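Computed from a prediction, not measured in an experiment: that's the story for all the values here. Per chain, numbering begins at 1; letters A, B, ... match sequence-line order.
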2 protein chains.
Amino acid sequence: MVSAPLSVIDARSGDKERLRLWIRMLRTTRIVEGELRERLKRDFDSTLPRFDVMSALYREPEGMLMTDLSRFLLVSNGNVTGIVDRLVADGYVARAKREGDKRTSVVRLTPAGTAFFEKMAAAHERWIAELLGGIGTAEVRRLSEMLHLFRSNWEGEH
Amino acid sequence: MVSAPLSVIDARSGDKERLRLWIRMLRTTRIVEGELRERLKRDFDSTLPRFDVMSALYREPEGMLMTDLSRFLLVSNGNVTGIVDRLVADGYVARAKREGDKRTSVVRLTPAGTAFFEKMAAAHERWIAELLGGIGTAEVRRLSEMLHLFRSNWEGEH
DNA sequence: CCGAGATATTTCAAGCATAAAATTTCTGGC
DNA sequence: GCCAGAAATTTTATGCTTGAAATATCTCGG
């Protein structure tokens with residue numbers, strides 16, 4: 001046999017293209033994240049991790065446990081502790097002890113935190129619209145669907 | 001006038017979809033990055049930033065200036081200093097003073113660094129092929145092209 | 001020449017990130 | 001009731017990240 005079977009050749013060439021896709025995805029997210037970081041700092045004196053935490057809490061007015069927060073954000077539990085500490089110090093977030101389980105504490109946005117987040121979120125949505133404005137609406141939909149599928153597959157297996 | 005013009009309505013609905021796309025992109029890269037980080041640590045006792053630096057240097061056997069390195073990787077100049085420091089300490093990278101300009105130093109992979117990187121890169125490519133394997137080859141090509149266009153647009157404007 | 005700005009790099013302070021260890025509290029079988 | 005293990009959280013050590021300040025060197029008009 002002189003050449004590999006077609007399926008193997010296909011797989012190999014596909015590998016290279018997946019690698020290129022990954023590099024481009026990483027570059028795109030880095031560009032956008034860098035821009036968002038800069039603007040959050042400039043306009044709100046805040047950061048992306050703080051925005052992420054507040055965004056998660058905004059969706060859950062009853063509050064969340066630290067563990068749920070770290071799982072949702074895909075970051076380590078120890079990491080969340082520090083970010084929440086600083087948000088508490090700023091008065092945007094409150095920790096509430098619970099009746100039943102003394103290990104856990106429910107974390108939620110304060111009214112000040114909610115108001116502040118709503119301002120940031122509005123700007124954030126405008127920025128994303130601007131930064132991703134070069135991608136056509138049909139492409140956006142297609143791409144989004146693809147990534148949603150990826151996530152479903154991933155979570156199905158893990 | 002009771003309702004906004006069509007173009008405005010279109011823009012608004014597109015904004016929401018772009019926001020959703022951004023969130024999904026961020027989640028995807030976080031999942032993949034987390035997996036890569038874990039495997040780099042497990043199999044090579046290394047990290048993603050170190051891999052990125054070595055990858056950049058591998059493409060330039062003549063070496064790179066610190067500034068070019070940080071620009072290429074889209075990270076701050078101060079950041080590169082620390083990563084390179086540790087790579088130098090491990091013997092994978094060397095700083096060479098230059099004749100002409102005493103401010104600059106050319107950074108390049110050592111033979112040990114080259115050999116080590118080639119092992120990592122092979123594993124890295126397999127991992128990406130595995131992790132992004134759920135996305136069909138045609139989709140990969142399409143998606144990749146889209147992101148390439150995004151980057152071209154971005155760099156054209158900045 | 002020579003000094004004002006430009007350029008390359010490092011240093012610094014603060015915050016983000018992980019994994020692993022330590023602490024505290026809960027739960028279920030005995 | 002007790003206690004072994006599980007679970008929620010914080011602490012710790014180390015490394016990554018940024019923006020800004022500090023240092024050193026270069027360039028070039030006068």
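Put simply, the side chain of Val93(B) reaches to within 4.5 Å of the side chain of Leu109(B), judged on heavy atoms.
Listed in residue order, the members of residues 31-49 of chain A having a heavy atom less than 4.0 Å from DNA chain C are Thr47(A), Pro49(A). Within residues 65-77 of chain A, the residues that place at least one heavy atom under 4.0 Å from DNA chain C are, in residue-number order, Leu74(A), Val75(A), Ser76(A). Applying a 4.0 Å cut-off to non-hydrogen atoms, the residues of residues 80-98 of chain A that approach DNA chain D are Thr81(A), Arg95(A), listed by residue number.
Annotation: the span from Lys41(A) atom NZ to Leu36(A) atom CG amounts to 15.5 Å, rounded to 0.5 Å. Rounding to the nearest 0.5 Å gives a distance of 11.5 Å between CD of Glu145(A) and CG of Leu21(B). A distance of 8.0 Å separates CG in Leu40(A) from CG in Asp43(A), rounded to the nearest 0.5 Å. Distance CD1/Ile83(B) to CG/Leu73(B): 7.5 Å, rounded to 0.5 Å. Taken from CZ in Arg141(B) to CE in Met146(B), the straight-line distance is 13.5 Å, to the nearest 0.5 Å.
Going from atom CG of Asn79(B) over to atom C1' of dT11(C) covers 13 Å, rounded to whole Å. Protein atom CZ of Arg50(A) is 15 Å distant from nucleotide atom P of dA14(C), rounded to whole Å.
Listed by chain and residue number, nothing satisfies the ring-ring contact (aromatic ring centres under 6.0 Å, His included) test with Phe150(B) (two or more places apart in sequence, or in another chain).
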**Request:** Please test Thr104(B) against Arg98(B) for side-chain hydrogen bond (donor to acceptor under 3.5 Å, both in side chains), starting from the C-alpha separation and ending with a verdict.
**Result:** CA-CA 7 Å; Thr104(B) 65; Arg98(B) 284 211 300 177; 3.1 Å; yes
**Prompt:** Stepwise, does the ring-ring contact (aromatic ring centres under 6.0 Å, His included) test hold for Phe51(A) with Phe44(A)?
**Reply:** CA-CA 10 Å; Phe51(A) 180 83; Phe44(A) 299 101; 8.8 Å; no
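A donor-acceptor contact shorter than 3.5 Å links the side chain of Arg18(B) to the backbone of Leu132(A). Looking at Asp90(A), its side chain never comes within 3.5 Å of a backbone N or O of Tyr92(A) through a donor-acceptor pair.
More than 12 heavy atoms of other residues, nucleotides or ligands shown are found within 6.0 angstrom of CD on Glu155(B).
In this structure, Arg20(B) does not pair ionically with Asp15(B), as no charged nitrogen and carboxylate oxygen lie closer than 4.0 Å.
Using modelled atom types and a 3.5 Å distance limit, the side chains of Ser144(B) and Arg24(A) yield a donor-acceptor pair.
Closest of all the heavy-atom pairs between Ala56(A) and Leu69(A) is CB-CD1, 3.7 Å.
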Tabulate atom names and distances for all N/O pairs under 3.5 angstrom spanning the protein and nucleotides 25-28 of chain C.
| unit_1 | atom_1 | unit_2 | atom_2 | d |
| --- | --- | --- | --- | --- |
| dT25(C) | O3' | Lys102(A) | N | 3.4 |
| dC26(C) | OP1 | Gly100(A) | O | 3.2 |
| dC26(C) | OP1 | Lys102(A) | N | 2.7 |

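Each end of the helix from dC1(C)-dG30(D) to dC30(C)-dG1(D) yields a helix axis from five base pairs, and these two axes differ in direction by 0° (to the nearest 10 degrees).
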